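Small disclaimer: the values here were computed from a predicted structure and weren't measured. Within every chain, numbering begins at 1; the chains are lettered A, B, ... in the order of the sequence lines, protein sequences first and strands thereafter.
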There are 2 protein chains.
Amino acid sequence: MKEIMDTKRINQYLSQFGLDDVIPKELRKHLALYRFEPDEALCLQGEVPQYIHFIVQGKVKVYTTSSEGRTLLINFTIPLGVIGEIECLSEKVNLNTVTAVFPVETIGVHKRWLTQYEDETSFLRFLLNLVSHKFYQKSKSLSSILLYPVEVRLASYLLSVSAEDEKGAELSSLNMTSLKDTANLIGTSYRHLNRVLQGFCSTGLVERSKGKLVVIDREGLTEVAGWNIYENGESKS
Amino acid sequence: MKEIMDTKRINQYLSQFGLDDVIPKELRKHLALYRFEPDEALCLQGEVPQYIHFIVQGKVKVYTTSSEGRTLLINFTIPLGVIGEIECLSEKVNLNTVTAVFPVETIGVHKRWLTQYEDETSFLRFLLNLVSHKFYQKSKSLSSILLYPVEVRLASYLLSVSAEDEKGAELSSLNMTSLKDTANLIGTSYRHLNRVLQGFCSTGLVERSKGKLVVIDREGLTEVAGWNIYENGESKS
DNA sequence: AATAAACGAGGACATATGTCCTATCAGGCT
DNA sequence: AGCCTGATAGGACATATGTCCTCGTTTATT
């Protein structure tokens with residue numbers, strides 16, 4: 001995580017995402033711009049949270065590891081998603097690990113300002129609005145992801161980890177983890193993932209090249225997925 | 001839903017559950033005690049929410065119906081769980097349908113007081129604490145329920161809809177929906193649910209009697225379930 | 001009362017999926 | 001270079017699970 005000293009950029013982002021009216025004025029001077037490179041962690045499961053991050057560029061992968069060591073993908077978060085607010089507010093350890101898929105920039109605020117401004121109604125209302133809207137959004141999807149067949153899950157995953165504007169782009173190890181771990185993330189076995197992947201290859205959606213995957217037909221994958229089950233449109237509403 | 005005029009009872013519950021220090025004093029006079037009979041709905045999915053309910057006695061079933069008509073069980077909520085706060089705060093329609101499994105009593109507050117006290121910091125802090133703790137709790141389980149085999153899901157379900165203090169109690173149609181709908185709730189087919197049920201019967205956990213189920217061995221079911229995946233301990237922490 | 005619809009129980013069969021294994025390749029270390 | 005480890009690709013087989021169906025029972029409707 002690298003802090004970028006650029007107040008002008010922060011204000012641009014605030015304006016771009018309509019956060020001017022949302023983030024209380026008092027909090028403004030405590031905001032900072034942070035950058036994460038692909039595969040870099042924004043936070044680690046089980047650790048004490050430090051920041052609330054507003055994602056303003058890029059994409060992160062949110063996943064959780066159970067006590068039995070089973071890893072499961074929760075979702076991909078894009079701008080204007082928020083990371084870490086629940087744990088900071090609950091004063092509990094991080095629920096998930098969050099890593100960057102692509103270069104990520106966030107507007108971050110350290111949790112100590114939560115206590116500092118706890119008597120500020122505009123601030124409290126801001127937080128309350130933030131959390132309840134996010135909870136509402138997540139509740140709609142979290143419980144049913146595993147009802148979708150593996151084809152849908154894999155197609156959605158591949159769409160998420162591949163760059164939208166690149167056709168025939170090779171998925172690098174920075175954006176996509178190993179196939180074995182990928183199987184775990186979407187909740188299936190490596191063997192079955194390979195079967196489904198073979199199906200995608202035989203229909204020309206994907207190509208295997210030197211042990212790497214190349215996304216050939218994003219539109220075809222989008223059709224298989226229906227819609228991306230791992231990405232809810234993050235919106236302010 | 002029947003309102004029970006009994007301020008003394010309300011105060012008893014507030015004291016019993018340690019809500020004295022949690023619920024702001026100003027809100028106290030707006031609290032009411034409500035009672036729901038088994039199978040009665042606390043709220044219906046898609047409707048505009050009216051109340052926030054603190055469950056102080058009994059158990060409710062929370063389930064959602066997708067656009068394709070697929071019904072899925074989210075969880076069972078026991079005291080001191082809360083119902084309806086997210087939707088009231090988000091000013092959106094109810095996410096789920098919530099019905100009573102056993103006789104339920106709640107301390108309810110109408111949503112209009114949310115606006116009335118929106119400048120009250122103690123109230124806002126109360127809400128923020130409530131929502132973020134619940135979100136933290138739910139995030140831990142919601143995404144993985146369907147990873148468990150149907151045996152675990154069914155055992156957990158049966159434990160939830162059967163009375164804890166009754167051995168050999170017949171599950172009535174008030175506590176438990178039809179087998180066909182039960183299959184839907186736990187995310188499997190009626191056929192497979194019957195298979196698993198047959199397994200439970202052959203090992204003496206459950207008996208079929210006149211088209212109804214009788215839970216014979218709660219401890220055995222608890223062993224199958226491991227722990228009840230549909231009930232997280234609701235705690236204030 | 002008669003009929004229709006819904007529910008419960010289970011057979012037959014197909015499909016989805018996981019476990020275990022083998023073979024090959026790639027990368028890292030000595 | 002040789003060896004080891006880990007990742008990839010796929011075969012064989014078993015298990016989990018769903019679809020479709022039949023038959024009997026129960027409940028609701030006419």
Side-chain angles (χ1 to χ4, degrees), chain A residues 39 66 68-73 144-155 157-158 161 170-203 205-215 224, chain B residues 39 66 68-73 144-158 161 170-203 205-215 224 229:
Chain A
D39 209 29
S66 68
E68 310 95 54
R70 179 124 204 174
T71 303
L72 188 65
L73 176 64
S144 56
I145 280 186
L146 294 172
L147 278 179
Y148 292 98
V150 175
E151 279 84 1
V152 172
R153 284 184 255 154
L154 182 57
Y157 175 83
L158 291 177
V161 296
E170 197 175 86
L171 295 178
S172 82
S173 60
L174 292 178
N175 312 127
M176 176 176 168
T177 191
S178 70
L179 290 184
K180 185 186 162 205
D181 289 339
T182 298
N184 258 322
L185 284 176
I186 65 175
T188 192
S189 65
Y190 168 69
R191 184 66 191 83
H192 196 51
L193 176 115
N194 240 317
R195 284 192 191 109
V196 177
L197 206 40
Q198 191 175 46
F200 285 177
C201 290
S202 67
T203 52
L205 301 175
V206 170
E207 266 178 23
R208 302 189 201 233
S209 171
K210 290 172 288 190
K212 295 204 187 268
L213 294 183
V214 184
V215 171
V224 172
Chain B
D39 210 29
S66 68
E68 311 94 55
R70 180 129 202 165
T71 303
L72 189 65
L73 176 64
S144 56
I145 280 187
L146 293 174
L147 280 179
Y148 292 98
V150 175
E151 279 82 2
V152 172
R153 284 183 254 155
L154 182 58
S156 297
Y157 175 84
L158 291 176
V161 296
E170 196 175 87
L171 295 177
S172 82
S173 59
L174 291 178
N175 312 126
M176 176 177 167
T177 190
S178 70
L179 289 183
K180 184 185 162 206
D181 290 340
T182 298
N184 257 323
L185 284 177
I186 66 176
T188 192
S189 64
Y190 169 70
R191 184 66 191 84
H192 195 53
L193 176 117
N194 240 318
R195 284 194 192 107
V196 177
L197 206 39
Q198 192 174 46
F200 285 177
C201 290
S202 67
T203 52
L205 301 175
V206 170
E207 265 177 23
R208 302 189 202 235
S209 170
K210 292 172 289 190
K212 295 203 186 268
L213 295 184
V214 185
V215 172
V224 172
I229 64 171

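Taking atom CD1 on B:Ile186 and atom C1' on D:dA16, their separation rounds to 14 Å, with Å as the unit. Nucleotide C:dT17 holds its P atom 15 Å from the OH atom of A:Tyr148, rounded to whole Å. Protein atom CG of A:Leu193 is 14 Å distant from nucleotide atom P of D:dA7, rounded to whole Å. Distance, A:Leu146 CG to D:dA16 P: 18 Å, rounded to whole Å. One atom, CG of B:Leu154, and another, C1' of D:dT17, lie 14 Å apart when rounded to the nearest Å. Taking atom CZ of residue B:Arg153 and atom P of nucleotide D:dA16, one finds them 13 Å apart after rounding to whole Å.
Considering CE of B:Met176 and CG of B:Leu213, their distance stands at 4.5 Å, rounded to 0.5 Å. With rounding to the nearest 0.5 angstrom, the CD atom of B:Glu151 is 9.5 Å from the OG1 atom of B:Thr188. Atom CD1 of A:Ile186 is separated from atom CD1 of A:Ile145 by 11.0 Å, given to the nearest 0.5 angstrom. With values rounded to the nearest 0.5 angstrom, A:Tyr157 atom OH is found 7.5 Å from A:Leu73 atom CG. Here CZ of A:Arg70 is found 10.0 Å from CG of A:Leu185. Values are rounded to the nearest 0.5 Å.
Looking at B:Leu197 and B:Leu179, their side chains come closer than 4.5 Å, going by heavy atoms from C-beta outward. A heavy-atom distance below 4.5 Å is not found between the side chains of A:Lys180 and A:Leu193.
Listed here is the closest heavy atom pair of B:Val224 and B:Val152: O-CG2, 3.6 Å.
Taking 4.0 angstrom as the limit, B:Ser189 places none of its side-chain polar atoms (N or O) nearer than this to OP1 or OP2 of D:dT19.
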Could you encode protein contacts along nucleotides 6-13 of chain C as a string, one character per nucleotide from 5' to 3', using B for base contact, S for sugar-phosphate-only contact and - for no contact, with a heavy-atom cut-off of under 4.0 Å?
-SBBBBBB
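Applying the side-chain hydrogen bond (donor to acceptor under 3.5 Å, both in side chains) test to every pair with at least one member in residues 191-200 of chain B, sequence neighbours left out, gives these pairs: B:Tyr190-B:Asn194, B:His192-B:Arg195, B:Asn194-B:Arg208.
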Please write out each protein N/O paired with an N/O of nucleotides 25-29 of chain C under 3.5 Å, distance rounded to 0.1 Å.
none

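Between the axis at the start and the axis at the end of the helix from C:dA1-D:dT30 to C:dT30-D:dA1 there is an angle of 30°, using five pairs per end and rounding to 10 degrees.
With sequence neighbours left out, A:Asp181 forms a side-chain contact (heavy atoms from CB on, under 4.5 Å) with A:Thr177, A:Ser178. Listed by chain and number, the residues in a side-chain contact (heavy atoms from CB on, under 4.5 Å) with B:Thr203 are B:Leu205 (sequence neighbours excluded).
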